[in-house]
Amino acid sequence: MAKEKKKPEPENVDGIEGKMTLGELLKNIFPFVKPYKWLVTATLIFTFVSSLMAQVNAVVLDRAVDAINDLLQQGSFLWSAAAKILIVISVILLSKEVISAVLTFAQRYFGEKMRIMVSRDLSLKVIDKILSFRMAYYSADVNEPGKLQSRIDRGVSSLSSTVNNLFIEILPLFTSAILALILMFMANVYVGLVALCIVPIYFYITYLQAKHLKGWRRGIFGSHQALSQGILNIIESITVIKSFNREDIEANRQANLQQQITDQQMTTRRLSYIYNGVKSFVEQIGTVLIIILTAYLVLIHYPGMSIGKIMYHVLLFNNVSAPIRQLHRIYDDMNDALIYAEGFFGILNDEKEIEDRGHYRPEQVVGNFEISGVDFTYGNGTQALFDVSMNIEPGKITALVGLSGAGKSTVVNLLDKFYEPDCGSIKLDGVDLRDWDTQWLRDNVGLVLQKNHIFSGTIEENIRYGNPDATFEEVEEAAKKAYIYDQIVQLPKGFQSQALQLSGGQQQRIAIARMFIKNPPIIFLDEPTASLDAIATEQIKASIDAIKAGRTVIIISHNIGQIIDADNIFVLQKGHLVQAGTPDEVYRQGGIYKEILDSSARSMNVDKIAQTIEGE
Ligand code: ADP
């Protein structure tokens, strides 16, 4: 259990550098508020009128107390005069309440409307942004899905409530406080000064409180991120966890994190309660001082002082201290917003991660890739390719061969411009990939991966993803070419069945059907038959054979049948290109390819299989 209470450092929070100031926050959020300037203006006007209204109680009670006092001192009590005072008070106070209710409604409604609009705009903007990032962005540790998601969620909700806080909490409260302070000074300078002296003391304590709690709040944010990432990891790995009976280990890991958060929260609360107690005490001292001072001034018959002023000053002081009482909460909210804003605007303002987009869009894409002297390193520091050079001929089938981790998928990632090489160059049809319009390039490239390519949605939607404008007939045609049509129509809902419910082999053929409908001249197949059974592999081989004709195909496979069919093969070992040529040539060279082929044949027991088949 993480019992040790170490103050978390702001730098410990992933993706948060701890640098955003209030000024920067406002500057960043301004463009999102600007489109709603009319809403802002309306809210500000309502705010000002509400603040005026907030002082009415004090003025009315001041006058009422004095009027009642005068009446009592007249000796003979007049019912009519008393009734008049009561009616006037009631009418003024009730009318004020009605007006205040309408104003509060308008203010809250407009403030909330602004929050909702800003929240929508922030979400749309961040989605656009993350869709535009290059793949390398997602391989950095700080951008794991859980962490990114929590930065976005918390950023949107905290920033939109900052906008709301600003217009329906901070502004009204502080306008009201300033007005009340002005009224106090107008009533009596000494009383005004007492109120004014209490304010900085209160501010100072709040400042100390916020400073003291800042590290803890950041720590809680970091732990929340780790917790949500942890839960995501559990769900993703549930099969492994259960099959190894490792529920206890996972539960303990989460319990440790929970314990850490609990400790952090308890410390934050304890500190908050202590500071809040001190602040209440200071506020009460202020009230007592104001009562004593006003009573003294009334007793010495100071000009303009009457008994009603005691009530008046206390109520006005309440109007000054009420907003300041909220100061800490607002300070906390703003502090949260500053923390979350760092992470959130970090995403929005990240220009260097946006995919480069060249302008080269040729009518005809031939499919000749020339890779020369390419080194490549992933965001986490793993160097996956070392000085790799290859010429991938158009219209031919090229197989990339090598053990797991050799760098085969990395080559495909570079060819599809998901990543850029550290050095060296990659050209397609004689033009550097960086100059190619990325979307145009990807429109001309089809990618079939080992997994993770079927979306939640119907089979039809999944096939149509290859070409959103395709007709239903074209979807059916593609399914036929991928040898999956018969199986789809036998399903109770046919093409409207959920694609995720299909088996691995069927999903793979849906991906191939999507490729047929996209009809690109270049195709990358990254272990398309890994983890499939022999029958499914053969059926997929048939659909791949159908799609291969006349296209540039690059295939990564552990399946000898698919490798042997290739026109050319490149053999990679630990990121280095070690062999190249036709399958026969490379086999005769010996080396890793021969080892892979021989051991595949042995593991499949090819001789025995041949004997069995011949014996029939
Ligand atoms: P292969 O396809 O030959 O199995 P890869 O190209 O997938 O090999 O991987 C080559 C090396 O790069 C491996 O060491 C692997 O751990 C690393 N690698 C692959 N993908 C990533 C990634 N997204 N982030 C960091 N390292 C990666």
Side-chain angles (χ1 to χ4, degrees), residues 14-15 130-131 133-149 229 232-233 236-237 352-353 355 369 371 373-390 392 397-424 426 433 442 445-453 508 511 522-532 544 553-560 562-563 566 568-580 583 586 591-597 599-600 603:
D14 274 316
I130 59 172
L131 283 172
F133 283 155
R134 62 179 95 216
M135 294 289 277
Y137 182 83
Y138 298 94
S139 60
D141 289 345
V142 289
N143 298 328
E144 282 172 21
K147 290 181 184 163
L148 209 52
Q149 186 199 12
Q229 180 67 34
L232 267 184
N233 287 346
E236 275 171 8
S237 322
K352 66 181 191 308
E353 293 294 348
E355 261 184 334
F369 284 103
I371 305 176
V374 162
D375 280 4
F376 176 73
T377 312
Y378 280 104
N380 63 359
T382 311
Q383 179 158 2
L385 296 179
F386 300 83
D387 193 19
V388 169
S389 301
M390 306 177 176
I392 292 165
I397 301 161
T398 304
L400 301 180
V401 184
L403 302 177
S404 286
K408 306 177 298 289
S409 304
T410 305
V411 171
V412 165
N413 284 338
L414 292 179
L415 295 182
D416 213 0
K417 229 175 141 178
F418 285 148
Y419 299 92
E420 278 181 21
D422 305 341
C423 64
I426 303 180
L433 268 197
R442 294 193 189 139
V445 171
L447 185 61
V448 176
L449 300 168
Q450 185 179 341
K451 56 181 170 78
N452 283 344
H453 47 264
Q508 202 65 313
I522 301 169
I523 289 180
F524 299 145
L525 303 162
D526 192 349
E527 305 200 30
T529 56
S531 67
L532 296 184
I544 291 175
V553 176
I554 298 179
I555 181 162
I556 297 175
S557 180
H558 290 296
N559 181 302
I560 327 176
Q562 287 163 4
I563 301 173
N568 290 309
I569 61 174
F570 290 99
V571 185
L572 287 159
Q573 192 177 16
K574 293 185 184 155
H576 297 269
L577 178 67
V578 288
Q579 289 180 285
V586 177
I592 182 97
Y593 176 63
K594 184 172 182 327
E595 273 175 41
I596 293 175
L597 209 65
S599 60
S600 303
S603 68

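Every number for a ligand or one of its atoms is a count from 1 in the order of the listing.
When Y378, F418, Y419, F376 are checked for heavy-atom proximity to atom 18 (N) of ligand 1, Y378 turns out nearest.
With ring centers used as reference points, Y378 lies under 6.0 Å from Y419.
Ranking protein heavy atoms by distance to atom 6 (O) of ligand 1, first place goes to T410 OG1, 2.5 Å. For atom 13 (C) of ligand 1, the closest heavy atom belonging to the protein is G405 O, 3.9 Å. Protein heavy atom nearest atom 14 (O) of ligand 1, with residue, atom name and distance: T382 CG2, 3.8 Å.
For the pair S409 and ligand 1, the shortest N or O to N or O distance falls below 3.5 Å. Between A384 and ligand 1, no pair of N/O atoms sits closer than 3.5 Å. Taking any N or O of E527, backbone or side chain, none lies under 3.5 Å from an N or O belonging to ligand 1.
Heavy-atom minimum distance, P421 versus F376: CA-CD1, 4.1 Å. Heavy atoms only, all atoms of each residue included: E527 and Q508 are closest at O-NE2, 4.2 Å. Here the closest non-hydrogen pair linking V571 and L577 is O-CD1, 3.4 Å. Across all their heavy atoms, Y593 and Q579 have their closest contact at N-OE1, 3.2 Å.
Using a 4.0 Å threshold on non-hydrogen atoms, atom 16 (O) of ligand 1 does not count as touching the protein.
Atoms of ligand 1 found under 4.0 Å from any heavy atom of S404, numbered from 1 in the order shown, are 4 (O).
Under the 3.5 Å distance criterion, with hydrogens and angles disregarded, no donor-acceptor pair is assigned to the side chains of N568 and T398.
G402 does not count as a contact of ligand 1, since none of its heavy atoms falls under 4.0 Å from the ligand. Not a single heavy atom of L385 lies less than 4.0 angstrom from ligand 1.
The side chain to side chain contact (heavy atoms under 4.5 Å, CB included) test with I555 is passed by exactly one of L400, I397, D526, I569: I397.
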